[in-house]
**Q** 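Below you'll find the structure I mean.
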Amino acid sequence: MNLPAPQFQAIQEPEAFLHLFPHRFDFIYAEHPDPGDRPDWKTEDRHPLSDRLLQEGAYLYGVRFGKQTDYLMLDIDRGSLYHPHSDRLAIPRLLAALETLGLVEAVAVTSSYRGGIHLYLPFQNAQETWAIAQVVSTLLANAGFKLKPGQLELFPNPKPFSTAPSLYAAHRLPLQAGSYLLNRDFQPIYGDQTTFVQRWQFAQHRNAIDSRTLKRVLQQVKRKRYKLSGKAEKFLHDLNIEVLAGWTDSGQTNYLLGRIAMREYIFGHVQRSIEPLTGEDLAAAICEVARSLPGFESYCSHQTDLEQRAMFYTRSIQASHYYPFGSKHQAKTALLPETTAPLKPNWNQSQSQAARDRINNTIADLQQRHALPATITARRHAIRAYGIGNQTLDKYKELWHPNYLKPIQGGEYHPVDADSINPESQKPIQGGEYHPLETNKLVAHAVAPQGQAVGFPEVGGSGGFSTGIAVEANRRKSDRAAQHLAKMQAWLASDDPILMAEAQQFFTAQTQQESVSLISTDVVAPEQAEQPSSEEAVMPGGFGRSQPQRRVGKTALQAMRQLSVAPQQSVQIPDVDRALQAEVEAFFAQHQQEHPEALALAWSAGVYNPLAKVDLLAVGARFLEPEEEDWLALARMVGWLLVEDELDAIYFTAPPPTFALEQADWYVRPDLTTFLESPVLLRAVVQQYPIPEASLRGVVDQKVAALGWQPAQLEQFIQALFEQPEKALESSDWSLLLFELQLQEG
């Protein structure tokens, strides 16, 4: 008789505690660490974790989650702002945020000897793991809690939608070495596994997931990662009210198509969980929404040419100063190849070149004075004394870092010890040859050349830069205008109806000098009074001028018109296209004049920038300060900025209601952050939101893990950098350590 092949499986001991954690595949384990050290976790995927291994206790163990789960766990580190030692009301607030879902009772234990807290939230009916993770993370975010390593972590971790399989993060099991039950005051008490099970079962009976809340929050989760701030929610709400009412009478087509185009372009991808809509996709969405609205069949008198009108609105909104919520850049339409004239550097390229020049000149000055340190940290500090930030140094490590430095032709390095550097003894080179006038940031204020240390009155204030004499700026404007005119003429001669339509729109705008088109949907403010001149006059917002001069206030609209001046051309435009474009322009001009508060709200939501297309070099947009560059880089690393490049999170803009160019400066975009409700000046954000040490430590741990370092390797690295152990590091040292670890990754 043939017997069935034996089925090999993990040995299950009849203990209630072990049955609480049924998913045993891809478990983690680590040897018991030495006091003060972190465990070195490894994953075992060859066999599931057995009860017998757990009972032996020879290693520390942790488990992951399967397709379904009947519990959650929240991890709060000892240094977290949410730990009772920092805020004893944080955990009650956290649990209150989850009450709407039905989670009201938790089992609290210490995670290890380090003093972190694990909050277990068991519930009665098992849920889909991905769904419950997304819902809980959303509720916590709505209540102001940030899921960040070192602060607050959720297990199972919320994973983005993906067709490729991936494992959930693992957590260590409770009541192992260093883990103890906690009472209501979060004080350790004696308790064995039986006590833990009793508390678990008590919490499980109290926690019943509310299915209606689960479904409702899941609808929010479908908005991908986009976090609509209060201002963005209101802006979308206002658009929805206007759109969803549909047609109630004739003569409303332009108004409704304009509102639909704006809503679908700015928020369509958020509501549909897709990429931002552009081109034909956006035009199709406008038609789809329009046809679905009440009153379309009865009152819309443009049903036959709806597609044509939708395309006009599509091209117009894409050329405007609005952009999709949460996008890195404003979506651009496909353009014909530019002229073969050599391209001039843009603002980013100019800042990059200025930064490289500052580093090169600094190195040259330190060499000349025989004061270039040999060690990495000392050299970094010496260069930073010249007003150069850590982020800039990391970007151009090949210019200064001993491990990456490329020899300067004909040069010779003279490293010295860090102790020999005395900032007070630093003197400028005669004539200031190493100080580039474009940036005024090569040296610290205390060692700047005579006449440039206070306010930089000769070449610009606040560490900014000068655009040079007015003749050069005018020449740039003329060149740009000529290039744009040539491009429009090429589009008009092409066979592409869309490009021809845009060229026609451009030439029509030239013949209508006083008309306001959607391309510049701005509030036209009255002319500001001319300001008196001053020998030390500096533009508000940190702009500098090469020479003191009188300046007449301009609105953003006037500034943009000056930067895009082109000679008027006599072009034959078909009457039907002229009339259609005039209708589109008339609607937006009227709505803009009647509802200036709508522009202000759009700006506050972070989706409108009246200076989106202004030449930053021409208007004198200042270069970033070292502390601003460093803050942006650190904020991105700790997860405050939802971008891969920190410069995407800022933009050059001016506040409402006038959007005056004189008030323009660098702002942090709220739609690309996790904590802002409206645009805030970058320099103000840097001052108001310093990066917490606990957050920096969390990212340091992540980078150390990514490098595969053991605790001893990290300690050796810290000792080499700071000549002191980790426990002696100060708050400012952790940011420097993070930048150095970033270099190791590169």
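Remember, predicted model here, so these are calculated numbers, not experimental data.
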**Q** Taking side-chain contact (heavy atoms from CB on, under 4.5 Å) as the definition, give me every residue that meets it alongside V680, ordered by chain and number, with sequence neighbours left out.
**A**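 Scan of V680 (side-chain contact (heavy atoms from CB on, under 4.5 Å), adjacent residues dropped) gives L676, A684, V685.
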**Q** Run the side-chain contact (heavy atoms from CB on, under 4.5 Å) check on F296 and L306 step by step: do they pass?
**A** CA-CA 11 Å; F296 175 78; L306 182 63; 3.9 Å; yes
**Q** For Y689, check side chain to side chain donor-acceptor pair (under 3.5 Å) against everything at least two apart and list the hits.
**A**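 Side chain to side chain donor-acceptor pair (under 3.5 Å) check on Y689 returns nothing, list empty.
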**Q** side-chain contact (heavy atoms from CB on, under 4.5 Å), that's the test. Do L632 and L682 meet it? Break it down for me.
**A** CA-CA 9 Å; L632 287 168; L682 173 59; 4.0 Å; yes
**Q** Measuring only between side-chain heavy atoms, which start at C-beta, is E233 closer than 4.5 Å to H237?
**A** no
**Q** What is the minimum heavy-atom distance between A232 and A605, and which atoms define it?
**A** CA-CB, 3.6 Å
**Q** Can you name the salt bridge (Lys or Arg N to Asp or Glu O under 4.0 Å) partners of R291, sequence neighbours left out?
**A** E307
**Q** Which distance, rounded to the nearest 0.5 Å, do you find between the OG of S678 and the OH of Y667?
**A**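 So the OG of S678 and the OH of Y667 are separated by 9.5 Å.
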**Q** List the steps, then state whether side-chain contact (heavy atoms from CB on, under 4.5 Å) holds for T314 with L277.
**A** CA-CA 10 Å; T314 293; L277 294 169; over 6 Å; no
**Q** Starting at CD of E99, measure out to CG of L139 and round the result to the nearest 0.5 Å.
**A**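 Result: 11.5 Å between the selected atoms.
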**Q** Under 4.5 Å between any side-chain heavy atoms of F145 and R93, yes or no?
**A**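 F145 reaches R93 side chain to side chain.
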**Q** Given Y608, which partner from the list F659, Y323, Y265 fulfils the ring pair (Phe, Tyr, Trp, His ring centres under 6.0 Å) test?
**A** F659
**Q** Does L147 reach the side chain of L140, with side-chain heavy atoms less than 4.5 Å apart?
**A** yes
**Q** Holding to side chain to side chain donor-acceptor pair (under 3.5 Å), I want the full list of residues that pass it with W603, two or more places apart in sequence or in another chain.
**A** T653
**Q** Can you name the closest pair of heavy atoms from P679 and S604 and give their distance?
**A**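 For P679 and S604, the tightest heavy-atom pair comes out as CD-O, 3.2 Å.
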**Q** What pair of heavy atoms forms the shortest contact from P656 to A600, and how long is it?
**A**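 Result for this residue pair: CB-CB, 3.8 Å.
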**Q** Does the K146 side chain pair with the main chain of T674, one donor and one acceptor, at a distance under 3.5 Å?
**A** yes
**Q** Could you give the distance from CZ (R315) to OG1 (T278), rounded to the nearest 0.5 Å?
**A** 10.0 Å
**Q** Hey, are the side chains of L244 and R263 touching, using non-hydrogen atoms and a 4.5 Å cut-off?
**A**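 Answer yes - side chains close enough.
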**Q** How about T100 and D210: do any of their side-chain heavy atoms sit closer than 4.5 Å?
**A**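 SC-SC contact between T100 and D210 ruled out.
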**Q** Would you say V619 and F652 make side-chain contact, with heavy atoms under 4.5 Å?
**A**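 V619 vs F652: side chains touch.
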**Q** Looking at T248, N254, D249, which one forms a side chain to side chain donor-acceptor pair (under 3.5 Å) with Q252?
**A** T248
**Q** Test of understanding: with side-chain contact (heavy atoms from CB on, under 4.5 Å), list the residues that count as partners of A310, not counting sequence neighbours.
**A**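 Counting only residues at least two positions away or on another chain, A310 forms a side-chain contact (heavy atoms from CB on, under 4.5 Å) with A283, I286, C287.
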**Q** Could you tell me if the side chain of E628 sits less than 4.5 Å from the side chain of R622, heavy atoms only?
**A** yes
**Q** Of all the heavy-atom pairs spanning P324 and H269, show the shortest one and how long it is.
**A** CB-CE1, 3.6 Å
**Q** Could you tell me if Q127 and Q68 have a donor-acceptor pair between their side chains, going purely by distance under 3.5 Å?
**A**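 No donor-acceptor contact under 3.5 Å links the two side chains.
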**Q** Answer yes or no: are there more than 12 heavy-atom neighbours, outside Y255 itself, under 6.0 Å from its atom OH?
**A** yes
**Q** What I'd like to find out is whether the side chain of K231 reaches to under 4.5 Å of the side chain of P670, using heavy atoms alone.
**A** no
**Q** Quick one: pull up CG in L282 and CD in E280 and give me the separation to the nearest 0.5 Å.
**A** 11.0 Å
**Q** Show the nearest heavy-atom pair for residues T129 and I132, with the distance to one decimal.
**A** O-CG2, 3.3 Å
**Q** What distance separates L214 CG from Q134 CD, expressed to the nearest 0.5 Å?
**A**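 Taking CG in L214 and CD in Q134, the distance rounds to 11.0 Å.
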**Q** With sequence neighbours excluded, what pairs up with D281 under the salt bridge (Lys or Arg N to Asp or Glu O under 4.0 Å) test?
**A**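 With neighbours one apart ignored, the set is empty.
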**Q** So, the side chain of Q318 versus the backbone of G279: is there a donor-acceptor pair under 3.5 Å, distance only?
**A**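 Yes, because the side chain of Q318 sits within donor-acceptor range (under 3.5 Å) of the backbone of G279.
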**Q** With distance as the sole test, does D305 use its side chain to make a donor-acceptor pair with the main-chain N or O of Q308 at under 3.5 Å?
**A** no
**Q** Does I266 form a side-chain contact (heavy atoms from CB on, under 4.5 Å) with F235? I'd like the steps, not just the answer.
**A** CA-CA 10 Å; I266 298 174; F235 188 41; 3.8 Å; yes
**Q** Identify the two heavy atoms, one from L642 and one from T673, that lie closest to each other, and give their separation to 0.1 Å.
**A** CD1-O, 3.8 Å
